[in-house]
Structures are given as structure tokens and as C-alpha cells.
Amino acid sequence: MGCSHNCESCSAGCGGEKSLKVAANPAASVKKVIGVVSGKGGVGKSLLTSMLAVGMTRKGYTCGILDADITGPSIPKTFGVHDKLEGCEEGILPARSEGGVQMVSINLVLPNEDDPVIYRGPIIAETVKQFWSDVVWDDVDFLFVDMPPGTGDVPLTVFQSLPVDGILVVTSPQDLVSMIVGKAVKMAKMMNIPLIGVVENYSYLECPDCGKHISVFGESHVDEVASEYGLPVLAKLPIDPKLAAAVDAGKIEDAKLPDALKDALKTVEGLR
């Protein structure tokens, strides 16, 4: 029988997950690691990751983003960061946005930002580990890990190798929500990773004339699905063309964040 990654119920005595943890850079300081995950793509994980980092920075915390979506990185562009990563005697120095958010991403290593990353799974996994073990994170209160969709190599590597304090599950208001949340939740439970809550993205579009909420992707099912897994719904975020424009311009730090994000920020802050 294969490993369930649940060391508490295992009698094999192999050390399990503990032996797979990767040590942080000795010169780095990270207090809390928060993963942002989903069972499928296209639900806005990178957008939520960026908004959380911006929101917590505005609260006075030092934040970082580990862009673990190696083959589809988008964090640097969202923040308007284009300079390549540099190193020092202690290791790799994270890039910094104008607002002070520290970040590492494969896009800050490639010769050209639009170069494709054609790596096999083991190389992708090792790259993610290096972004943790080799980077000199500078007194980071909250490190957000933007993960690729699904339950493959990268989420497995992050859960096994990094000291993840909790994950946020991102979904959308489509009928697929049950599958999206279910896959991410079940993987987290198998890996003994704490679940913080669920955030629904693209919940509605607010009419600019009358303020009516338009359910572009159908009525939300997130409350009943989250209840099924005993998780709180921390936010239902709207479609915001102004926010999308800010992201495209690399100016997310100048954008007005949705009021609906407040509970999610408060919950993250409570993890200190």
C-alpha cells in the first residue's frame, strides 16, 4: 500500500513527512507560510495571492510571495517587477515591489519574460525547494505561496518540504465548485496541512449604474460545499474591471482592494 502521508496513523516508523522538510536559508526569517491552492486552474489564485500580500502590507506587515507556478508565473507582472534576481554570499535575494513586497519567481530568472519554461516534474519540484532554501527572505511576517492548479508535483512538494501553516482554497461560483474544493481539501487533509478557509472569486459583477449584483458565472454554491467540509467562506470577491486593469499595468499596489476581502485578511492576521 502506498504512503498516505498521515504519519500519526502509520506504524512504518520511517519518519515520513518530517524527513522531507527542507531547511530554510540560515540568513532568512519567515514567520508564517500560507499556501493559496485550487483543484483547477483559472479561478484567480495569483490574483488572490497578490491581494493578500498587498492587504497585509497595508496593515503594516512584511510580506513575501513565493511564485510556485513555475510554468505559468504571473506574480512579477502583477506588481510591475522586471529586474532579475540577484545573489549575495548568503544566497538569493528576493526582488521587491515598490510597496516592499518581496518575491521570487522563475520569470525573474529567465533571459526573457515570455520564454517558456519547459521543465520536467522533478526539475520543477527542485526549483520550488530552492525558492525556499536558497532565498534570503528578509524578516517576512507572511509568505504567501502561489501554487499551480491541481494536486500534482508542486503542491505535493510544497506540502512536504515547506513548513506550511495553512492553506486557502480558491474557487469560482460554477457547478464545478464541489470538485474544485473537494480535491484541494482532501489533499490537504491527507498531508495534515491546516485548512484556513475558502475564498470564492468572480462571485458577481456589480452594475456600475444601479449597483445590482449580476451572477455572471451562475449562482454561488460555495456556502453549502464549504459547510460540507466544515470550512468557513472567508470572502466572495467580485469581478472588478478596475482591479483587472491595475493588474495588467503592474499596479496592483495602487488598486482599491474589494471590501469583501476584509474577513480573509483578518483571518490571516489571526495566524500570527
Side-chain angles (χ1 to χ4, degrees), residues 31-38 42-67 69 74-75 77-80 97-103 140-147 165-174 177 180-181 184 194-208 211-217 220-223 225-226 231-272:
K31 296 181 179 68
K32 296 293 179 181
V33 179
I34 311 296
V36 181
V37 306
S38 179
V43 298
K45 289 183 300 302
S46 297
L47 176 60
L48 177 62
T49 301
S50 301
M51 289 194 293
L52 289 170
V54 171
M56 295 306 293
T57 298
R58 290 176 182 176
K59 283 178 170 281
Y61 297 101
T62 301
C63 295
I65 300 178
L66 193 162
D67 189 355
D69 194 351
S74 59
I75 294 298
K77 177 176 173 56
T78 300
F79 284 85
S97 68
E98 289 185 3
V101 175
Q102 302 173 40
M103 65 188 72
V140 170
D141 294 307
F142 296 98
L143 179 67
F144 297 98
V145 183
D146 180 25
M147 285 194 260
D165 294 286
I167 65 168
L168 286 162
V169 181
V170 189
T171 185
S172 60
Q174 297 159 297
V177 64
I180 296 171
V181 174
L195 289 146
I196 299 171
V198 180
V199 172
E200 182 179 76
N201 210 4
Y202 314 134
S203 291
Y204 58 89
L205 176 67
E206 184 174 309
C207 175
K212 179 181 178 181
H213 288 187
I214 303 167
S215 300
V216 178
F217 294 108
S220 173
H221 301 282
V222 71
D223 289 312
V225 174
L231 296 173
V233 177
L234 300 178
K236 294 181 181 180
L237 303 176
I239 300 170
D240 186 346
K242 291 182 180 179
L243 183 60
V247 169
D248 289 342
K251 296 291 185 180
I252 191 168
E253 290 174 302
D254 298 335
K256 181 183 184 302
L257 301 182
D259 291 337
L261 190 65
K262 289 180 180 178
D263 284 347
L265 293 173
K266 184 177 179 180
T267 300
V268 170
E269 188 175 21
L271 297 175
R272 289 177 299 158

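Residues satisfying the side-chain contact (heavy atoms from CB on, under 4.5 Å) criterion with S50, sequence neighbours excluded, are I75, T78, F79, I252. With sequence neighbours excluded, the residues forming a salt bridge (charged side-chain N to carboxylate O under 4.0 Å, His left out) with D141 are K31, listed by chain and number. Applying the side-chain contact (heavy atoms from CB on, under 4.5 Å) rule to K236 yields the partners E200, S203, S220, V222, D223, V233; only residues at least two apart in sequence or on another chain are considered. In this structure N201 satisfies the side chain to side chain donor-acceptor pair (under 3.5 Å) test with no other residue, sequence neighbours excluded. A search for side-chain contact (heavy atoms from CB on, under 4.5 Å) contacts involving V225 returns V177, S178, V181, Y229, not counting sequence neighbours. Here I239 pairs with Y202, L205, V216, F217 under the side-chain contact (heavy atoms from CB on, under 4.5 Å) rule; sequence neighbours left out. Under the side chain to side chain donor-acceptor pair (under 3.5 Å) criterion, S97 pairs with E253, not counting sequence neighbours. The side chain to side chain donor-acceptor pair (under 3.5 Å) search around D67 returns S105, not counting sequence neighbours. For E269, the side chain to side chain donor-acceptor pair (under 3.5 Å) partners two or more places apart in sequence, or in a different chain, are K59, Y61.
For V37 against A184, the heavy-atom pair with the smallest separation is CG2-CB, 4.0 Å. Scanning all heavy atoms of the two residues, the minimum distance from V43 to S172 falls at CG1-OG, 4.0 Å. In terms of heavy atoms, V198 sits closest to A226 at CG2-CB, 4.3 Å. Of all heavy-atom pairs between G211 and E206, the closest is O-CG, 3.6 Å.
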**Request:** Start with the C-alpha gap between V36 and V145, add the side-chain angles, then the distance that decides, and say whether side-chain contact (heavy atoms from CB on, under 4.5 Å) holds.
**Result:** CA-CA 6 Å; V36 181; V145 183; over 6 Å; no

**Request:** Please assess M51 against L243 for the test side-chain contact (heavy atoms from CB on, under 4.5 Å), listing each intermediate value before the final yes or no.
**Result:** CA-CA 10 Å; M51 289 194 293; L243 183 60; 3.5 Å; yes

**Request:** Please step through side-chain contact (heavy atoms from CB on, under 4.5 Å) for the pair V268 and F142, ending with a clear verdict.
**Result:** CA-CA 9 Å; V268 170; F142 296 98; 3.8 Å; yes

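In this structure, CD1 on I196 lies 4.5 Å from CG on L168, to the nearest 0.5 angstrom. Separation of atoms NZ (K212) and SG (C207) is listed at 8.5 Å; rounding is to 0.5 Å. Here Q102 contributes atom CD and L66 contributes atom CG; the two are 11.5 Å apart, rounded to the nearest 0.5 Å. To the nearest 0.5 Å, atoms CD1 (I167) and CD1 (I34) are separated by 10.0 Å. Atom CD of E98 and atom CG of D254 lie 7.0 Å apart (nearest 0.5 Å). In this structure, L234 CG and L237 CG are separated by 10.0 Å, a value rounded to the nearest 0.5 Å.
Identified under the salt bridge (Lys or Arg N to Asp or Glu O under 4.0 Å) test for residues 240-252, with sequence neighbours left out: none.
Remark: the backbone N or O of V33 is paired with a side-chain donor or acceptor of D165 at under 3.5 angstrom.
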Scan the side chains in residues 255-267 for donor-acceptor partners under 3.5 Å anywhere in the protein, sequence neighbours excluded, and list what turns up.
unit_1 : atom_1 : unit_2 : atom_2 : d
K256   : NZ     : D259   : OD1    : 3.4
T267   : OG1    : D263   : O      : 2.8

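Inter-residue side-chain proximity for V199 and T171 is flagged as unmet; no heavy-atom pair is nearer than 4.5 Å.
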